[in-house]
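Within every chain, numbering begins at 1; the chains are lettered A, B, ... in the order of the sequence lines, protein sequences first and strands thereafter. On a predicted model such as this, the values are computed, not experimentally measured, just so you know.
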There are 2 protein chains.
Amino acid sequence: MGKPGVASRRAGTAAGNDTRRVLVVAAIETLKTEGFVGTSARAIAKRAGCNQALVFYHFGSVVDLLLAALDEVSARRLERYTAAAPSITNPSELLAVASEVFAEDMDNGYVTVLAEMIGGASATPGLGPEVARRIAPWRDFARDTIESGLGGSPLASVLPLGEVSHAVVALYLGLEMLSHLDGDRSQATSLFEHAGRLAALLGAISSTAPPATKETS
Amino acid sequence: MGKPGVASRRAGTAAGNDTRRVLVVAAIETLKTEGFVGTSARAIAKRAGCNQALVFYHFGSVVDLLLAALDEVSARRLERYTAAAPSITNPSELLAVASEVFAEDMDNGYVTVLAEMIGGASATPGLGPEVARRIAPWRDFARDTIESGLGGSPLASVLPLGEVSHAVVALYLGLEMLSHLDGDRSQATSLFEHAGRLAALLGAISSTAPPATKETS
DNA sequence: GTCTATACTTGGATAGAC
DNA sequence: GTCTATCCAAGTATAGAC
């Protein structure tokens, strides 16, 4: 029972828990700037200002630390998303919030962490399912938000929510990768602007036209 | 002049050119199954059935071989895309072809190669711009195809082609990553099916309604 | 052009002192 | 809990024989 495993959260000492946190933060930062390939135990420890051996003492392996980092990011973002969600009641607001949140995610590189983990999952055996399990909440959240954002819009009846939310997560991921690749976010932000305008147009239509009924035949 | 650099294509001997090809193919295959992290000179050489040192003799470095592999994949896919493009004249056909091509790409893992290279570009200095340059043609092709696929549809006047084609490439990338992650393509294929139905609906509308003019005010 | 052998580096992981 | 020291595996890259 000397070594705290991945599962044991109550590690004991205040200093110990502190080191855990510092390591997680350092792992996130390293993942963002160096990518999955560059995120070694040594690189993380250097950034955390502590010793490389502590990674293994606290988390058992590098991958497990990385998963803890993903957990942390996931929790932070879901908290943020959930706070922003209640204000959404129509497509226009939906796009406005999505655009804002995307900008934030890009600024602090949260989606990068996710993207790098997905990429790394190809090579590390057993990592795939773990990452997949941590993405599920994001898609669930997307589904709920889209549902309430569409409101009574006629679109709600034709759009398959499951597929659309999956596509939204995929698009989010892809946009991040491309932006990160050529260090240029303008394409993505421009896309959000145009989408916002279309959503406003859509809102105007759905407020004049009646919600989908069978009378139109 | 003994060693052929990355630039020199006319390496000379038939056997030499053959080895080059074999190495490129092996690199593609390794990238698909092992990911960027697992694609070492040794892994590639083992799959190619030759010696590890040949990677450096023919390509100078592993990254340069990987870039050659990306070139090969890019060329193959653009050839395929270009062949399929002429048959597209309306949104419904556009989606049908896109769906078919996506299935192919998933089967032979071409997008995986691209995704892995993008992920790896975060860690390898100087790789980013090289990969970005090789993606540009894909986006250009997407733009042209979408343009001709939309035809006289009213959508053509409201959709910003540049942003949409960027989004399409991003979506393509994201869908591939997610599918690859949980080894399940059903979400993506289902998405294409639904999109196809919507496109058909759209085609029906645009054939009855007049193309966008100013008379509607 | 292709091989073997090897130098050099980095990273994961553990043992043991403090 | 944290450190130093160390082992071992795997990778890049080069030299030199064939």
- Among dT2(C), dC3(D), dA13(D), the nucleotide that comes nearest once only the side chain of Cys50(A) is considered: dC3(D)

- Message: Is it the case that the side chains of Asp105(B) and Tyr81(B) hold a donor-acceptor pair, with the cut-off being a distance below 3.5 Å and no angle test?
- Response: yes

- Task: Take the protein atom CD of Glu34(B) and the nucleotide atom P of dG11(D), then report the distance between them rounded to whole Å.
- Result: 10 Å

Donor-acceptor contacts, no H, no angles, side chain residues 24-45 of chain A, under 3.5 Å, sequence neighbours left out:
unit_1	atom_1	unit_2	atom_2	d
Glu29(A)	OE2	Lys32(A)	NZ	3.3
Thr30(A)	OG1	Ala26(A)	O	2.6
Thr30(A)	OG1	Arg47(A)	NE	3.2
Lys32(A)	NZ	Asn108(A)	O	2.7
Thr33(A)	OG1	Glu29(A)	O	3.1
Thr33(A)	OG1	Arg47(A)	NH2	3.0
Thr39(A)	OG1	Gly35(A)	O	2.6
Ser40(A)	OG	Ala43(A)	N	3.1

- Could you list all the salt bridge (Lys or Arg N to Asp or Glu O under 4.0 Å) pairs where at least one residue sits in residues 106-123 of chain A, not counting sequence neighbours? Asp107(A)-Arg185(A)

- Query: Once you round it to whole Å, what is the distance between C1' of dG11(C) and CD1 of Ile44(A)?
  - Reply: 12 Å

- Pairing residues for Ser186(B) by the side-chain hydrogen bond (donor to acceptor under 3.5 Å, both in side chains) criterion, not counting sequence neighbours: Asp184(B)

- Item | Sugar-phosphate only, base, or nothing, as touched by Val62(B) at under 4.0 Å among non-hydrogen atoms | sugar-phosphate

- Message: Whole angstroms only, please: what is the CG-P distance between Asn51(A) and dA5(D)?
- Response: 11 Å

So which protein N/O to nucleotides 15-18 of chain D N/O distances come out below 3.5 Å?
none

- Atom CG of Leu23(B) and atom C1' of dG1(C): how far apart are they, to the nearest Å? 12 Å

- Message: I'd like to check the side-chain hydrogen bond (donor to acceptor under 3.5 Å, both in side chains) partners of His166(B); sequence neighbours left out, ordered by chain and number.
- Response: Arg139(B)

Heteroatom pairs (N/O) under 3.5 angstrom, protein to nucleotides 8-10 of chain D:
none

- Query: For Gln187(A), what residues pass the side-chain hydrogen bond (donor to acceptor under 3.5 Å, both in side chains) criterion, not counting sequence neighbours?
  - Reply: none

- Taking only residues two or more places apart in sequence, or in another chain, which ones meet Val63(B) in a side chain to side chain contact (heavy atoms under 4.5 Å, CB included)? Ser61(B), Thr124(B), Leu127(B)

- Mind calculating the distance between CZ (Phe59(B)) and P (dA13(D)) to the nearest angstrom? 14 Å

- Message: Per the salt bridge (Lys or Arg N to Asp or Glu O under 4.0 Å) rule, what does the pair list look like for residues 94-104 of chain B, sequence neighbours excluded?
- Response: Arg77(B)-Glu104(B), Arg80(B)-Glu100(B), Arg80(B)-Glu104(B)

- Query: For DNA chain C, what residues of residues 112-123 of chain B have any heavy atom nearer than 4.0 Å?
  - Reply: none

- Message: Quick one, Ser87(B) with Glu93(B), criterion side-chain hydrogen bond (donor to acceptor under 3.5 Å, both in side chains). Give me CA distance, side-chain angles, the key distance, then yes/no.
- Response: CA-CA 8 Å; Ser87(B) 69; Glu93(B) 287 166 357; 5.9 Å; no

- Round to a whole Å and report the spacing from OH of Tyr57(B) to C1' of dG1(C). 5 Å

- For Asp18(A) and dG1(D), what is the distance between atoms CG and C1' respectively, to the nearest whole Å? 12 Å

- Establish, from distance only, whether the side-chain atoms of Glu193(A) and Ser99(A) form a donor-acceptor pair under 3.5 Å. no

- Message: Suppose the criterion is ring pair (Phe, Tyr, Trp, His ring centres under 6.0 Å): which pairs have a residue in residues 89-108 of chain A, not counting sequence neighbours?
- Response: Phe102(A)-Tyr172(A), Phe102(A)-Phe192(A)

- Task: Could I get the full list of side-chain hydrogen bond (donor to acceptor under 3.5 Å, both in side chains) partners for Thr82(B), not counting sequence neighbours?
- Result: none

- What nucleotide, of dA13(C), dT2(D), dA13(D), holds the atom closest to the side chain of Ser61(B)? dA13(D)

- Specify the separation, in whole Å, of atom CZ of Phe56(A) and atom P of dT14(C). 8 Å

- Closest to the Leu54(B) side chain: dT2(C), dT4(D), dT2(D)? dT2(C)

